[in-house]
Amino acid sequence: MAAWSERLAGVRGVLLDISGVLLDGGKDGGVPIPGSVEALARLKRSQLKVRFCTNESQVSRKDLVGLLRHMGFDISEGEVTSPAPAACLVLKERGLRPHLLVSDGVRSEFHRIDTSKPNCVVIADAGESFSYQNVNKAFQVLMELENPVLISLGKGRYYKQTSGLMLDVGAYMKALEYACGIEAQVVGKPAPEFFQSALREMGLEAHEAIMIGDDIVGDVGGAQSCGMRAVQVRTGKFRPSDEHHPEVKADGHLGARGWAGSLQSRHVTTGIQQPAHRVLLTQRTGVPCPVCAGATKG
Amino acid sequence: MAARRALKAVLVDLNGTLHVEDAAVPGAQEALKRLRGTSVTVRFVTNTTKESKQDLLERLKKLEFDISEDEIFTSLTAARNLVEQKQVRPMLLVDDRALPDFKGIQTSDPNAVVIGLAPEHFHYQILNQAFRLLLDGAPLIAIHKARYYKRKDGLALGPGPFVTALEYATDTQATVVGKPEKTFFLEALRGTGCEPEEAVMIGDDCRDDVGGAQNVGMLGILVKTGKYRAADEEKINPPPYLTCESFPHAVDHILQHLL
């Protein structure tokens, strides 16, 4: 594989996944991944543009940002691309009135949307609300429609919480697809439109951005198929088998302590005058660090 | 069909073929007696996710069918056989009424998942528990993969969607044990000493009964009772060996032409 400096040439912005990269969700909101608060702060002091690109659909963007800020992350709502607001745009554009198979925590995102006489189903990561009754209700709504439309906020298989791995919305999306013999439309990663809208917000072309995430398919594969580069962190839902994924090959993996750990290594000092793409070797591990570029002043 | 061997076994579907819900198909009891008067072995095969053999037997006795428990082979039996073969300890996501068919099976500290139709178990926490077992390499055994079924209050999700959810999340394939799987029909014949080429299957489900049986080399007879709908026989290729009015007609055909 080419040296990091080559692989990262021309990168002007970083798209950061949230769950599994900044924090592991769980009871009372979860816990930050060690070192990630400081790493984000350094990244933001660099010349790189930073945006957050998440499939979080169990809580509203407002609550998610509130939680992250409470943990000490430098983040604001306007910097976050998340699927519920994106879905609302799609619903309005197409005149769709959804039946919502979502958790109570994200309902506020849809408060301006007409949900009477539903003509589609929107499914999000509903967590505990994925009871048989609730999933069955969504199924019945779809079966009543002449042209059943299922919109899924992401299609992740699972995600990591402090208590372990958890089934994600993708599993339930597949259940409804199979039951109704239909194909869902995905709003969120890995849909190209979703990455593209995040890039638009940053004012960057795909080849100028790098995605950092813990999902080899949704983050890495999705970003790469849009023409972005993408690295996988070894935190969150990362499993060693991801490094030998049959279809997706990341542009790099970040060490056991993740991207945040790499950023903390000794060589990364915010005062170094380096072009953003010049990548330094981690003295401690000998492993090159792709995001330390973000910690250098160009 | 000149190469066919003499008929030695007849497999018969239950609901929709011998009876429809709580009513026997007219003449079915007598037809079964006529069949038993010959040398063929008779087995009763059905896809069930919630009724144990004992439940099925009681209903059949009430309808005055002369059937014994060891002649019944269900998708639950098939699942149990597979669990025993693999020597695994399953987490049983099945209806409580099906549990008697798994009596004696070790289920503590599970290392496999058996999934049937169990709406009361299909909650997030329990499915997540199953998901974690599968991610650790436990095999997934599905009784069958029906998409939905009809309830009094409308359509309701069958086990298939939940099997699919777990398959997708863990990137694995379930082993499906019910009709129309090949192994189901082969297992049903086990102990009869018959080859598929020496057997005929009678059922009301063109794909699952007739198509499945013909795929392993049996003859398939479709009856126009139960869930049969006009032109069902055109759903499979090759078409059913025979389509006839009901179980008694099927028996008459066997007695006159296959023995």
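Letters A, B, ... mirror the listed sequences (proteins, then strands); counts begin at 1. Since the structure is predicted, the reported quantities are computational estimates derived from the model, not experimental observations.
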Atom group of Lys155(A) that falls short of 4.5 Å from chain B, counting heavy atoms: both

Electrostatic pair Asp205(B):Lys179(B) at N-O distance under 4.0 angstrom: no

Closest contact, heavy atoms only, Leu157(B) versus Tyr132(A): O-OH, 2.7 Å

Under 4.5 Å from any heavy atom of chain B - which part of Met143(A): side chain

Nearest-0.5 Å distance, NZ of residue Lys117(A) to CG of residue Asn119(A): 9.5 Å

Toward chain B, the part of Gln140(A) with a non-hydrogen atom under 4.5 Å: side chain

Interface moiety of Ser163(A) toward chain B, non-hydrogen atoms closer than 4.5 Å: both

Matching residue for Tyr159(A) among Asn55(A), Asp125(A), Asp214(A) - test: side-chain hydrogen bond (donor to acceptor under 3.5 Å, both in side chains): Asp125(A)

Contact class of Phe130(A) relative to chain B, heavy atoms under 4.5 angstrom: both

When Phe131(B), Phe122(B), Phe162(B) are compared by non-hydrogen pairs under 4.5 Å with chain A, the top option: Phe131(B)

Proximity of Tyr148(B) and Phe139(A) rings by center, below 6.0 Å: yes

Lys160(A) vs Asp24(A), salt bridge (Lys or Arg N to Asp or Glu O under 4.0 Å): CA-CA, chis, key distance, verdict: CA-CA 6 Å; Lys160(A) 165 103 183 284; Asp24(A) 280 328; 3.4 Å; yes

Engaged part of Ile126(B) at the chain A interface, taking heavy atoms whose separation is under 4.5 Å: neither

Proximal component of Glu177(A), with respect to chain B [non-hydrogen, under 4.5 Å]: neither

